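Here the structure is laid out as structure tokens; the discussion comes afterwards.
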Amino acid sequence: MGDDLVLDIRDLRMRYGTNDVLKGVTFQARKGEVLALLGPNGAGKTTTIEILEGFRMRSAGEVSVLGEDPAHVDERWRARLGVVLQSWRDHGKWRVRDLLGHVATYYEPYRRPWDTDELISVVGLTEHAGKRVRQLSGGQRRRLDVAIGIVGRPDLLFLDEPTVGFDPAARRDFHDLVHRLADDDETTILLTTHDLAEAEKLADRILILAGGAVIADGSADQLSLQMATETEVKWTLHGQRYVHSTREATKFVHDLFKQHGDDIGDLEVRGGSLEDTYMAMVVAFESGQYGSDQRELVEVTR
Amino acid sequence: MTTPLAAAARSGARRGVFEFQQSFTTATDIFALIFPNVILLTVMIFMRDSTVGATGFSLGTMSLSSVVGMSVAFNGMMTVMQHLAVEREDGTLLRAKAIPNGMFGYLVGKIVLIAGLTVVTLLMILVPGMLLFDGLALDTAGAWLTLVWVLVLGLVATMPIGAILGSMFENPRTSGLMMLPVMGLVAVSGIFTPLSEAPQWMQLVGQVFPIYWLGLGMRSAMLPDGLEVVEIGGSWRHWETVGVLGLWAVIGLVVAPAVLRRMARRESGAAVAERREKALQRVT
């Protein structure tokens with residue numbers, strides 16, 4: 001640990017007027033780790049990310065990003081950071097290649113940025129490199145956002161809803177890119193998403209933020225162990241299909257065979273998805289049953 | 001290895017050149033560049049045969065010189081303001097903020113772009129003006145030198161004002177409202193009629209703001225000697241011009257960085273997203 005800790009956030013608090021948006025967020029990330037930040041709208045995901053990016057001042061708590069406090073940082077620190085913004089219509093008149101090449105020049109005094117054409121090909125925009133930004137489709141623009149975010153080969157990358165508007169192929173390319181950045185370049189990545197399958201696929205660890213605090217922190221498997229969700233069991237018996245949901249799938253299937261033996265066919269046992277776990281956690285949290293004790297429990301199992 | 005700031009200044013300059021070039025390959029930009037100047041030229045062509053006071057000099061030619069000064073003020077204040085307001089709304093500034101020294105590069109680029117556009121505007125008035133209007137006296141090196149220093153000082157005096165105004169408006173459409181007071185200022189700045197003929201209060205108000213002094217400076221560069229008799233005090237008042245424009249420049253350069261920093265500090269993804277929501281609501 002120690003030097004390996006890229007993000008170290010302890011008891012981060014944010015208050016607007018009398019409204020507490022963050023009520024003590026604590027988490028860490030090590031070099032090369034991919035973290036997904038999940039949570040319902042208004043849970044404080046964007047606020048958290050913007051504080052870590054140095055775009056917003058916090059009310060209280062200790063925050064260390066790449067070893068420095070983002071409230072007091074210089075441009076050298078900024079050069080180690082990649083931010084993928086949710087773009088809208090900025091730089092519409094620029095050509096894709098010109099814009100990327102231009103952004104890259106700001107990083108040159110600090111580190112060797114990506115070669116423009118190589119990066120364009122990595123994000124799959126080669127055939128659009130000569131186009132003006134405003135001629136790009138939503139998904140293509142999003143890829144350009146990603147390219148701008150990583151052009152300086154950042155040590156730490158923030159991705160806010162990176163795959164909105166991607167078709168399935170673009171999504172898979174993007175996932176490959178994230179794996180490549182994390183594995184080959186040891187880039188630490190913090191992403192927010194509403195796509196739980198994506199979080200499960202990309203993230204080493206998942207943080208669930210609700211009500212201004214982290215209510216769960218662990219891998220998708222660890223989280224599903226934490227939150228017992230129902231398993232769906234399907235089978236056929238004498239040509240008829242049956243479905244049953246249970247929290248004790250192993251016992252249920254055992255009993256099923258004991259009762260019917262070889263007559264059971266087409267057995268399918270599907271465990272709860274991350275989505276089920278997530279929904280269960282958020283619902284439990286919102287109904288007030290899921291408090292700080294549970295958080296302790298997750299920490300222990302890690 | 002160059003210092004990061006020097007590198008960012010170079011990047012910014014290149015950015016300005018890119019955007020300058022883009023202005024000539026984008027139809028709406030070309031239109032916005034040409035249209036107001038065509039109108040101004042047309043108006044002044046109708047004023048050609050009127051004369052100024054007892055001098056017998058063409059009012060059209062005199063206004064042409066004043067309009068050159070006014071254009072500098074418009075580019076420095078209104079264009080800078082519009083660009084800042086629009087590019088804050090659309091997220092250009094946020095992107096600059098996310099890049100090392102990006103804000104600095106952005107500002108350098110903006111200065112290069114506006115300076116370039118101002119020169120183009122001037123040429124668009126000057127070139128047809130020299131062909132269509134009699135009496136312009138831009139035939140000495142001294143006259144051109146005056147034109148250049150008035151132009152440079154005028155930009156330094158007005159661009160910070162534009163930056164401050166642009167930082168104040170979150171919504172580019174509200175910033176359009178600034179057009180009204182500025183048009184009022186033009187009316188009291190002796191652009192189309194000599195200010196010396198105007199009531200006392202108008203003279204006082206007009207002489208506070210840069211538009212009058214830019215007009216005066218450009219008249220002193222472009223008109224023949226002897227025409228200063230119709231000016232206030234019967235003089236081109238170069239020292240006063242340098243004094244007032246210089247004062248605006250100093251005030252602007254002291255205030256603008258603080259205002260720009262405050263504006264930059266407030267930029268965030270959430271702020272841009274909020275403006276996007278509002279803008280989309282306006283469209284539908």
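These figures come from a predicted structure and were not determined experimentally. We name chains A, B, ... by the order of the sequence lines, and we start the count at 1 in each one.
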Under 4.5 Å to a heavy atom of chain B? For A:Arg132 that would be side chain

A:Glu127, CD: over 12 other non-hydrogen atoms inside 6.0 angstrom: no

Quick one, A:His91 and B:Thr92 - any side-chain contact, counting heavy atoms below 4.5 Å? yes

Approximate separation, where rounding is to 0.5 Å, of A:Arg89 CZ and B:Arg276 CZ: 10.5 Å

Please classify the contact of A:Ile49 with chain B as side chain, backbone, both or neither, using a heavy-atom distance under 4.5 Å. neither

Taking every heavy atom of B:Gly102 against every heavy atom of A:Tyr106, the minimum-distance pair comes out as CA-CE2, 4.0 Å

When rounded to the nearest 0.5 Å, the distance separating CD of B:Gln22 from CG of A:Asp98 is 7.5 Å

I'd like to know whether CZ of A:Arg134 has more than 12 heavy-atom contacts from other residues, nucleotides or ligands below 6.0 angstrom. yes

Do you know which of B:Glu267, B:Glu89, B:Glu87 has the most heavy-atom pairs with chain A at a distance under 4.5 angstrom? B:Glu89

Give the ring-plane orientation class for A:Trp94 versus B:Phe18, where under 30° counts as parallel, over 60° as perpendicular and anything between as tilted. tilted

Minimum heavy-atom distance A:Asp90-B:Asp90, with the two atoms named: CB-O, 3.3 Å

Checking side chain to side chain contact (heavy atoms under 4.5 Å, CB included) against B:Ile99, which of A:Val83, A:Thr105, A:Val103 comes through? A:Val103

Select one option (side chain, backbone, both, neither) describing which atoms of A:Arg56 are under 4.5 Å from chain B's heavy atoms. side chain

B:Arg95/A:Asp145 under salt bridge (charged side-chain N to carboxylate O under 4.0 Å, His left out): CA gap, chis, key distance, verdict: CA-CA 10 Å; B:Arg95 227 187 255 299; A:Asp145 291 336; 2.7 Å; yes

Top contributor to chain B contacts, counting heavy-atom pairs under 4.5 Å, from A:Leu99, A:Val151, A:Ile148: A:Ile148

Where does B:Leu93 contact chain A at under 4.5 Å (heavy atoms): side chain, backbone, both or neither? neither

Between B:Ala8, B:Ala98, B:Gly269, B:Gly91, which residue shows the highest count of heavy-atom pairs closer than 4.5 Å to chain A? B:Ala98

A:Glu62, CD: over 12 other non-hydrogen atoms inside 6.0 angstrom: no

With a sphere of 6.0 Å drawn around CZ of B:Phe35, does it hold more than 12 non-hydrogen atoms of other residues, nucleotides or ligands? no

Side chains of A:Arg76 and B:Pro100: closer than 4.5 Å at any heavy-atom pair? no

NE2 on A:His102 to CZ on B:Arg14, rounded to 0.5 Å: 8.0 Å

Which one wins on heavy-atom pair count under 4.5 Å against chain A: B:Ala270, B:Ala7, B:Ala271, B:Gly12? B:Ala270

